[in-house]
2 protein chains.
Amino acid sequence: MARQPTVSDVALAAGVSRQTVSNVLNAPDIVRTATRERVERAISDLGYRPHASARRLRTRRSSTIGIRLYPFAGGISGAVLDRYVHALTENAAERGMRILLYTARTPDEEIEQFRRLTDGADVDAFVLTSTFHGDARTGWLLEHDVPFATFGRPWGDDDLGDPQHLWVDVDGAAGTAAATKHAIAAGRRAIGFLGWPSPSGTGDDRARGWARALRSHGRSPDGLRWAVEDDLTAARAAMAGVLTGGGPGPVPDAVVCASDSLAVGAHLAAMDAGVHDLLVIGFDNTPVSEALGLSSVEQRPEDVAVGTLDLLMGAHGTAVDPSVPRTGTGHVLVEPRLIVRE
Amino acid sequence: MARQPTVSDVALAAGVSRQTVSNVLNAPDIVRTATRERVERAISDLGYRPHASARRLRTRRSSTIGIRLYPFAGGISGAVLDRYVHALTENAAERGMRILLYTARTPDEEIEQFRRLTDGADVDAFVLTSTFHGDARTGWLLEHDVPFATFGRPWGDDDLGDPQHLWVDVDGAAGTAAATKHAIAAGRRAIGFLGWPSPSGTGDDRARGWARALRSHGRSPDGLRWAVEDDLTAARAAMAGVLTGGGPGPVPDAVVCASDSLAVGAHLAAMDAGVHDLLVIGFDNTPVSEALGLSSVEQRPEDVAVGTLDLLMGAHGTAVDPSVPRTGTGHVLVEPRLIVRE
DNA sequence: GTCGCCTATTTGATCGATCAAATCAAGGCG
DNA sequence: CGCCTTGATTTGATCGATCAAATAGGCGAC
């Protein structure tokens, strides 16, 4: 038989109707055991596999999640997203879902992609990975009843509690707090924080964790916080000044950083200055920090991926069904983990 | 109207039949201009978009290409593949194709995925990214008439000329030759090569480029070639011995490497040994070499992606159609580019 | 005038599955 | 015995598009 077998072929072989075959696949519990076993044998004998497009046409569901692939930034931090996408693909497959990629250069272009993919019933839901304040994309998706979840909190506080907006995020403050405590335990006396300029939702959160950890040990964070754009060279230059005592504040013997880019910059600045015992802790645990033997806070992209799917499909769901009322808080906060090196 | 408009709605609005609407979309040249314009107006008035699954069911084509996402290796070299996947997604979108991800832990698991995705008419073709000698996957795909292309030459020579097997690859020898010539031009006298143990298709190819460049300048490669597994620590250890003069050969003042992992290892070994003028050139131009300011051979993943689609769909094709006879040689060899830093 | 030919358009069938409603069989109970 | 309920299975319609074949209309040739 050249043609792939269909439900009808299976039905014929098993001596039942099409619908019963369909039931064996989609609602096995309503089929009598004897019948079900007969159908299952026919399925495996014929090597039958459901035709995904036909099913999608009828059910108006695609079992597919769309995710945007960002242009290669040329930098370091893409690695977290790549791990996330991989974990998402793997876990989605276990639940019978697939991941479809798309690209866009601007938010408007992305909304245009939303249109294309939802109108064609190509995807059931979207995962957004970099949301920002006043993001038009989440508005569009809510308005058109398209399920979605974001990796990253909606930092506009109005949306934070909105149970309609599902989000997963990493508890950045907990991560930097753990890093800071590690530095304290290692006997460091002046523990600084190298972060990004305020306001930055993620960046300020990470700074808070560091400050809180210091205070809870009776220390003051004053004068030990520096901010530069997320760029290796900028970080290197800024830390060069700090380490040679050129700045107003004290000279640190440890630096907790908001990203691995900054950490590598700090590390190189220390090398430049001949300082060999500066404890540098990065964030994201990218290959670069691994290569240089720097400790780093690991975001656990795998756990974030599982959390994302739990939100979209329910903890044990196997489909994205917007009509099922949501249970739980509508968000997941993943505890990061400090990877200690050297 | 809550429901998305269909061809029938458009047909009604434009006063034509369903099929004419379909023709406007798929074969505009056979529709009279006046009619076409009327239909096009109705399409945009109603905001009609074709239902992808319905079309796929009927045409038995999905306009989708499957690509495997590899488990996060924890290393450095994943970056090239990530850039490649991104470029593939972007270029595929321009041709009306989509990229679907899947994962697998073993070749057998991957073949199982081939089955699932082709039987369900989920994908039209596959792109394989890491082929090896005697790969069962290509055999399965050929046997089942599933179109595919590989990023990477089939190193088993029997397949190299087989026009059935489409492949794109980067001319690694040209890349290492360019790196070697750069070192010669920079006045280096003892230019070594740090690569992987033989036999390795890709690795031996890269070594050849280095040796050839040296010989064409009247120099001998003897005693300047070292081989370790693709691992930073192993490279660092190996080069430590070489740089301190502990080895049998001469001490190099430049090292061309088969990968950025090796290059970073060599660079760190030089730092350890207090050697500050060792010229290290990597391969893959990953964020790590960028961060450390090392020169590196860039694989041009974007060009590789374009080449892949050209092979699968024809230079200007917009669909994967196995019935169209193949033109050209069936493979593309991309010339890499040396990125010079510092 | 009408026959054939070409082009533009329409009609009916079909792709492979699921939905909704109908049918059938087996008990339970007054 | 007859009626109702429950559970298992079947039947006919449908999702939205394209394919293949049929039809209508215009034009030139005989």
Side-chain angles (χ1 to χ4, degrees), chain A residues 1-39 42-43 46-63 96 116 118-122 124 318-319 321 323, chain B residues 1-39 42-43 46-63 96 116 118-122 319 321 323:
Chain A
M1 164 145 43
R3 184 170 57 78
Q4 277 290 319
T6 72
V7 267
S8 298
D9 298 322
V10 175
L12 201 66
V16 298
S17 71
R18 303 187 310 274
Q19 186 59 35
T20 300
V21 176
S22 174
N23 286 338
V24 168
L25 267 57
N26 300 303
D29 43 314
I30 73 165
V31 181
R32 204 171 42 178
T33 310
T35 315
R36 187 177 62 236
E37 283 166 356
R38 200 146 35 92
V39 172
I43 287 179
L46 295 179
Y48 164 80
R49 288 178 180 279
H51 192 288
S53 292
R55 171 180 284 173
R56 290 208 271 269
L57 170 59
R58 185 68 246 223
T59 61
R60 309 178 142 284
R61 225 183 260 143
S62 67
S63 300
R116 291 207 340 202
T118 52
D119 288 352
D122 270 326
D124 294 335
T318 55
D321 189 347
S323 69
Chain B
M1 158 146 47
R3 181 171 58 78
Q4 276 291 318
T6 72
V7 269
S8 299
D9 298 321
V10 174
L12 201 65
V16 297
S17 71
R18 303 187 311 274
Q19 185 59 36
T20 299
V21 177
S22 174
N23 287 337
V24 168
L25 267 57
N26 299 305
D29 43 313
I30 71 165
V31 180
R32 205 171 41 179
T33 311
T35 315
R36 188 177 62 235
E37 284 166 357
R38 202 145 34 91
V39 172
I43 287 178
L46 295 178
Y48 165 78
R49 287 176 182 279
H51 192 289
S53 292
R55 172 179 283 172
R56 290 208 271 268
L57 170 58
R58 186 67 249 228
T59 61
R60 309 177 146 285
R61 222 183 263 142
S62 68
S63 300
R116 291 208 338 203
T118 53
D119 288 352
D122 271 326
D321 189 347
S323 70

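Numbers restart at 1 for each chain; the letters A, B, ... are given by sequence-line order, proteins then strands.
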Any residue in residues 22-30 of chain B with a heavy atom nearer than 4.0 angstrom to DNA chain D? Just list them by number, or reply none. B:S22, B:N26

So what does B:T59 hit on the nucleic acid, given a heavy-atom distance under 4.0 Å: a base, only sugar-phosphate, or nothing? sugar-phosphate

Give me the atom names and distance for the closest heavy-atom approach of B:G96 to B:S63. O-CB, 3.8 Å

Apply side-chain hydrogen bond (donor to acceptor under 3.5 Å, both in side chains) to B:S8 and list each qualifying residue two or more places apart in sequence or on a separate chain. none

What nucleic acid atoms does A:S53 come within less than 4.0 Å of, heavy atoms only: base, sugar-phosphate, or nothing? nothing

Throw together a table of side-chain donor-acceptor distances under 3.5 angstrom for residues 22-32 of chain B, partners on residues two or more places apart or in other chains.
unit_1, atom_1, unit_2, atom_2, d
B:S22, OG, B:N26, ND2, 3.4
B:N23, OD1, B:Q19, NE2, 3.2
B:N23, ND2, B:Q19, O, 3.4
B:N26, ND2, B:S22, O, 3.1

Just call it for A:R18: base, sugar-phosphate, or nothing, with non-hydrogen atoms closer than 4.0 Å on any strand. base

When the side chains of residues 52-59 of chain A are checked against the rest of the protein, which donor-acceptor pairs come out under 3.5 Å, sequence neighbours left out?
unit_1, atom_1, unit_2, atom_2, d
A:R56, NH1, A:S62, O, 3.2
A:R56, NH2, B:D122, OD1, 2.9
A:T59, OG1, A:R55, O, 2.8
A:T59, OG1, A:R61, N, 3.3

Remember a base hit wins even if backbone is also touched, and classify A:T6 as base, sugar-phosphate or nothing at under 4.0 Å, heavy atoms. sugar-phosphate

Both B:S17 and B:L57 contact DNA chain C. Which one's nearest nucleotide lies toward the 5' end? B:S17

Need to verify one output field. Residue with the more 5' nearest nucleotide on DNA chain C, B:R58 or B:Q19? B:Q19

What range of DNA chain C does chain A touch, first nucleotide to last, counting atoms under 4.0 Å from its heavy atoms? C:dG16 to C:dA20

Rounded to 10 degrees, the angle between the two terminal axes of the helix from C:dG1-D:dC30 to C:dG30-D:dC1, each from five pairs: 70°

For the student: nearest non-hydrogen atoms of B:A42 and B:A13, plus distance: CB-CB, 4.2 Å

Report the residues that fulfil side-chain contact (heavy atoms from CB on, under 4.5 Å) with B:V21, sequence neighbours left out, ordered by chain and then residue number. B:V7, B:V10, B:A11, B:V16, B:V39

Listed by chain and number, what are the salt bridge (Lys or Arg N to Asp or Glu O under 4.0 Å) partners of B:R49, not counting sequence neighbours? A:E112, A:D119

With a non-hydrogen cut-off below 4.0 angstrom, is A:R49 in contact with a base, only sugar-phosphate, or nothing? sugar-phosphate

Within the supplied structure, the quantity of interest is the number of heavy atoms (other residues, nucleotides, ligands) at a distance under 6.0 Å from B:R36 CZ; does it exceed 12? yes

